[in-house]
Amino acid sequence: MNYFRAPLADRLAAEYVLGTLRGPARRRFDALLPAHPALRAAVIRWQGALVPLAASILPVEPSARVWQGIEARLFAEKRAAHEPSALAPAGWWQRVLPWRAATGLATAVALALGVALGLPKPVQPPLVVVLSPADAAAAGALSKVRFVASVSADGRGLVLKPIDAVALDPQRALELWAVPGQGAPRSLGVVAAQGATTVIRTELLRNTAAFAVSIEPAGGSPTGAPTGPIISVGKLES
């Protein structure tokens, strides 16, 4: 993998800052950072662009049920180790001890299963797509505009936000497109030049190989296909 390629370095840095770069890929990226000034610079740029967005996210307090489940998982063994052990009684008690042990084991299994089923399932992270500058010659003043698209895990929602300042003529608009591997692109609507735009569709990722942003007349393309220059494109990982 050629990390000196600017688009690749930019995409990996975005995923690194967002936290969607995980496992061996993240560890490899961490190891490469000290030796790659371009990667470090890309990470700094993305931190400056994305970290301020976290200020708009309201914190969510976990329910008491979730905390109880976490404590039961983390501290059950520690509590058991500090409980005083009882001396084994003699006589008839020894005869019922195997039954009590089996009952205790069944109870423990039931409790563990209840905790596991009671905890919420982990939320799948969104798919993050970086749209990089495309047609510099045709885009003119917008030749260096980048966008970041965050697609929900179920593929039904997308949030698009420009990373760079967009100086758009009042008679023009930006339009987002879902680009298939083959065939004509599908319009996802006009998007804002400033701030975030939310797009809701049933199947955003179906037959979609990339997202693209074009410059169109005010109100969007009159033909249902891109009529102006494509200024940014972001490919989906296969």
Do [X] and [Y] share a hydrophobic cluster, counting only Ile, Leu, Val, Met, Phe, Trp and Tyr and linking them when any side-chain heavy atoms are less than 4.5 Å apart?
| X | Y | answer |
| --- | --- | --- |
| Val148 | Val190 | no |
| Ile163 | Val43 | yes |
| Ile231 | Val129 | yes |
| Leu204 | Val159 | no |
| Val179 | Leu188 | no |

Could you pull out the closest heavy-atom pair between [X] and [Y], with the gap in Å?
| X | Y | result |
| --- | --- | --- |
| Pro170 | Ala218 | O-CB, 4.3 Å |
| Pro162 | Ala193 | CG-O, 3.4 Å |
| Ala212 | Val233 | CB-CG2, 4.1 Å |
| Pro185 | Pro226 | CG-CD, 3.6 Å |
| Trp46 | Ala14 | CE2-CB, 3.4 Å |
| Ser187 | Gly189 | OG-N, 3.1 Å |

Say you draw a straight line from [atom1] of [X] to [atom2] of [Y]; how long is it, rounded to the nearest 0.5 Å?
| X | Y | atom1 | atom2 | answer |
| --- | --- | --- | --- | --- |
| Gln194 | Lys161 | CD | NZ | 8.5 Å |
| Leu127 | Thr20 | CG | OG1 | 8.5 Å |
| Asp10 | Glu15 | CG | CD | 10.5 Å |
| Lys235 | Thr208 | NZ | OG1 | 14.5 Å |
| Leu21 | Phe29 | CG | CZ | 7.0 Å |
| Gln47 | Tyr16 | CD | OH | 8.0 Å |

Within residues 185-209 or reaching into it, pairs that qualify as salt bridge (charged side-chain N to carboxylate O under 4.0 Å, His left out) - sequence neighbours excluded: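 Qualifying pairs, neighbours excluded: Glu203-Arg206.
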
Can you find a pair of side-chain heavy atoms, one from [X] and one from [Y], that are under 4.5 Å apart?
| X | Y | value |
| --- | --- | --- |
| Leu160 | Val213 | yes |
| Pro217 | Gln171 | no |
| Phe147 | Thr197 | no |
| Ile230 | Ile215 | no |
| Pro222 | Thr227 | yes |

When you measure from the side chain of Ser152 to the backbone N and O of Gly157, does any donor-acceptor pair fall under 3.5 Å?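 Yes, Ser152 side chain to Gly157 backbone: donor-acceptor pair under 3.5 Å.
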
Side-chain donor/acceptor of Glu175 to backbone N/O of Ser221, under 3.5 Å: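 Side chain of Glu175 to backbone of Ser221, a donor-acceptor pair under 3.5 Å: yes, one is there.
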
Output, in order, the C-alpha distance, side-chain angles, deciding distance and verdict of side chain to side chain contact (heavy atoms under 4.5 Å, CB included) for Ser232 and Arg146. CA-CA 6 Å; Ser232 298; Arg146 298 169 300 164; 5.6 Å; no

Does a donor on one side chain and an acceptor on the other come within less than 3.5 Å for Trp177 and Ser214?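 Result is yes, a qualifying pair exists.
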
